[in-house]
Q: 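Structure incoming, see below.
Numbered from 1 within each chain, the chains take letters A, B, ... in sequence-line order. Every value quoted in this text rests on a predicted model; they were computed, and no experiment measured them.
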There are 2 protein chains.
Amino acid sequence: MSSAHDVIEVITTKRDRGALSDSQIDWVVDAYTRGAVADEQMSALAMAILLNGMDRREIARWTGAMIASGERMDFSSLSRPTSDKHSTGGVGDKITLPLAPLVAACGVAVPQLSGRGLGHTGGTLDKLEAIPGWRASLSNEEMLAQLESVGAVICAAGDGLAPADKKLYALRDVTGTVEAIPLIASSIMSKKIAEGTGALVLDVKVGSGAFMKSVERARELAETMVALGTDAGVRTVALLTDMSTPLGRTAGNAIEVAESVEVLAGGGPADVVELTVALAREMLLAAGVDDVDPADRLADGSAMDVWRAMISAQGGDPDAPLPIAREQHVVAAPRSGTLTRLDAMAVGLAAWRLGAGRERKEDPVQAGAGVVWHARPGDRVEEGAPLFTLLTDTPERFDRALAALEGGYDVGDGPFDPSPLVIDRIA
Amino acid sequence: MSSAHDVIEVITTKRDRGALSDSQIDWVVDAYTRGAVADEQMSALAMAILLNGMDRREIARWTGAMIASGERMDFSSLSRPTSDKHSTGGVGDKITLPLAPLVAACGVAVPQLSGRGLGHTGGTLDKLEAIPGWRASLSNEEMLAQLESVGAVICAAGDGLAPADKKLYALRDVTGTVEAIPLIASSIMSKKIAEGTGALVLDVKVGSGAFMKSVERARELAETMVALGTDAGVRTVALLTDMSTPLGRTAGNAIEVAESVEVLAGGGPADVVELTVALAREMLLAAGVDDVDPADRLADGSAMDVWRAMISAQGGDPDAPLPIAREQHVVAAPRSGTLTRLDAMAVGLAAWRLGAGRERKEDPVQAGAGVVWHARPGDRVEEGAPLFTLLTDTPERFDRALAALEGGYDVGDGPFDPSPLVIDRIA
């Protein structure tokens, strides 16, 4: 063939444990995006990468090739520094909602490009779309204008950013090649680097409800992404945080918005407040701001002011009542004692099955669906008192949601040893 | 999904070094043949199999599933036992041509389903099609009738045998997943078992001109195939034979037919005679015949009689002059001495580039093209005397063929230590 490389040569290099050259990587990512390399060829290469790995140079080059497949945004015209956050996804993870306005209230602009949920972890855009009138799609000009005027924007990533990643992610999803750290890291970082943020904080989740089940794998992913960001000139830091227990007291869409508003009002569950403030501090530090304490901006109401402005700027009514599920089902505590375990995967699966998430990309989500838990691990519960409230518009979903919760929690007598929320920091 | 298995579950089982269950294997081979599993999913699975392997049970089940995808032939109505041979492919490997009639002359029927060549190793059908009038396609009824009347048939495999293998082989060819021993073994053996032969001798080639470059890999492939055949009730034995040097004195189509006829006439190159007789003995033994010496049947002309009948039965004229290339180019020996090395890959590549083989499946081959070498390793050569004759209808091909031969042979003074033709026997 007349092209610079032969795809078989690229595949067999990685298959035989070789390192791909810069030119092989540039060629294969571009050729795949153009359709000159077929899906069945890229999936064989993805499996070889998953099983044989890539070194730091290969991952950086691969990420660069995916960035080069599309447009790059530029926030250098803004009057303040930018800082963004990315979470690898967890149950009840509404942190972006209070975090973006909080950091903006501290003087750093937050250009948060988010996604919709697929599977048991919710999507930030799905949650915000529970707010009447709010829209996720902004043009680049609208985004830039809102960053200047409000300081925070949470919106859908446009189709122009890293199109190679979009095509490759869809392929990996159907070929059993999602779980490759080089490919996960380059997928996340290609979008964040192309987005043009000056600083980035990664919230890498570990535990039953997370994509990474072990601290070792989470650390490897975090280190890979921090190296990628640093090499690309983005000040990048990662926190490893616990996702064996879901965050806060709610998993769903409207109910997570309500919980986020509680946090912005100075209340809310202690773990959500703790993680929001911890991530805000990291985002500010990475952006070079060390003279503001974000906890003060929660207390003085300025983060709430930014929230209201941010929702209004995207057509949402911050005062409109949130949608409420038509049906509810209460699960009572089976005995009195201490809630010693609440499994994130069980809760996430239950919320998903109630309609808070989608099974196929094209499915709608229910704004009101989800799970509320009335106790957190360490809390005292009384036999017969409500432990969970399940919410849905479609009550035929209760049975499968209850099955998901089964075995997902323990009530006992013994002492409770809480695990730390922030496990490690990687910079 | 409603099917028995989810393809992601099958892929990730092998990706994570698990063994596929019988039911997973049956399902995925059938679903791929039906089109319910996509090419990009099967290629990811093939790469995982290549890198993580399959155990003996998995390979046997995979082979069985490929057999079950199509029809099975049945030779049990024949009045004599059947025995077949398969070669993994080499340069100048015309052995099937004298071998099939020789074994038939010894009282054992040979149902040889062959293929066309792709790449630098020639195809048996391409060689026979150099004979004016000869046709490769027979119906199952014609094949059975010829086996009864003549005792030997060499023809194209019908589309009905192991269609799963045809589809999978085409996929592996473009996805860098050809070199997986479980998949090579199951591809070869599914066709041979479905073909219905009672006994099978495998000629597994080792060396520069062969698919397997090391004795270890060749032995692993041979042992895998012998186990598969034995488990399926086919008496199977394998010879590991040398393919660092090409067989005989010719590589091409018409010129290899002529060399085969020399062997049937009681002459021909010693190595071709040696391997033909060794494989004939194995085929007879595997079929339970131990009272005939095939060397006698070469000497008394009875093998030649079967050859003539076999060619005539398929429309060929055994007396017709064979096609001759329009152009020839002679390479003279660069010095006097002993030919100490003749590389099979170099010769195979030169013959291929002269037009004896094809680059794409749909290409024609030139009947007269190829390479004749006038000395074999160990022979004395004189400076300026012809060492190679290159043959083609299209003289613009000479340059690239000469480039392929460059460095592919040595003429020296030292003592020559011949390597054995038959390296090992695996039963």
Q: Check this for me: Asp363(B), atom CG, are more than 12 non-hydrogen atoms of other residues, nucleotides or ligands nearer than 6.0 Å?
A: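 Atom CG in Asp363(B) is packed in, count exceeds 12.
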Q: Carefully, step by step, assess Arg15(B) and Met47(A) under the rule side chain to side chain contact (heavy atoms under 4.5 Å, CB included).
A: CA-CA 8 Å; Arg15(B) 180 195 76 187; Met47(A) 182 61 81; 3.7 Å; yes
Q: Does atom CD (Glu396(B)) have a neighbourhood of more than 12 heavy atoms from anything else shown, all under 6.0 Å?
A: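 Above 12, so yes.
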Q: Might you confirm whether atom CZ of Arg57(B) has over 12 heavy atoms from other residues, nucleotides or ligands at distances under 6.0 Å?
A: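 Atom CZ in Arg57(B) is crowded, with more than 12 foreign heavy atoms closer than 6.0 Å.
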Q: Please step through side chain to side chain contact (heavy atoms under 4.5 Å, CB included) for the pair Asn52(A) and Leu51(B), ending with a clear verdict.
A: CA-CA 9 Å; Asn52(A) 290 340; Leu51(B) 290 171; 3.8 Å; yes
Q: Measuring heavy-atom distances to chain B, does Ala48(A) have an atom under 4.5 Å in its side chain, in its backbone, in both, or in neither?
A: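 Both parts, backbone and side chain.
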Q: Quick check: closest heavy atoms across Ser43(A) and Ser43(B), and the distance to 0.1 Å?
A: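 The pair with the smallest heavy-atom distance is OG-OG, 2.6 Å.
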Q: In terms of heavy-atom pairs under 4.5 Å with chain A, which of Ile11(B), Thr175(B), Thr177(B), Val10(B) leads?
A: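 Top option by heavy-atom pairs under 4.5 Å: Thr175(B).
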Q: Using atom types as modelled and distance alone, determine if a side-chain donor or acceptor of Gln41(A) lies under 3.5 Å from a backbone N or O of Val174(B).
A: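 Checked: pair present.
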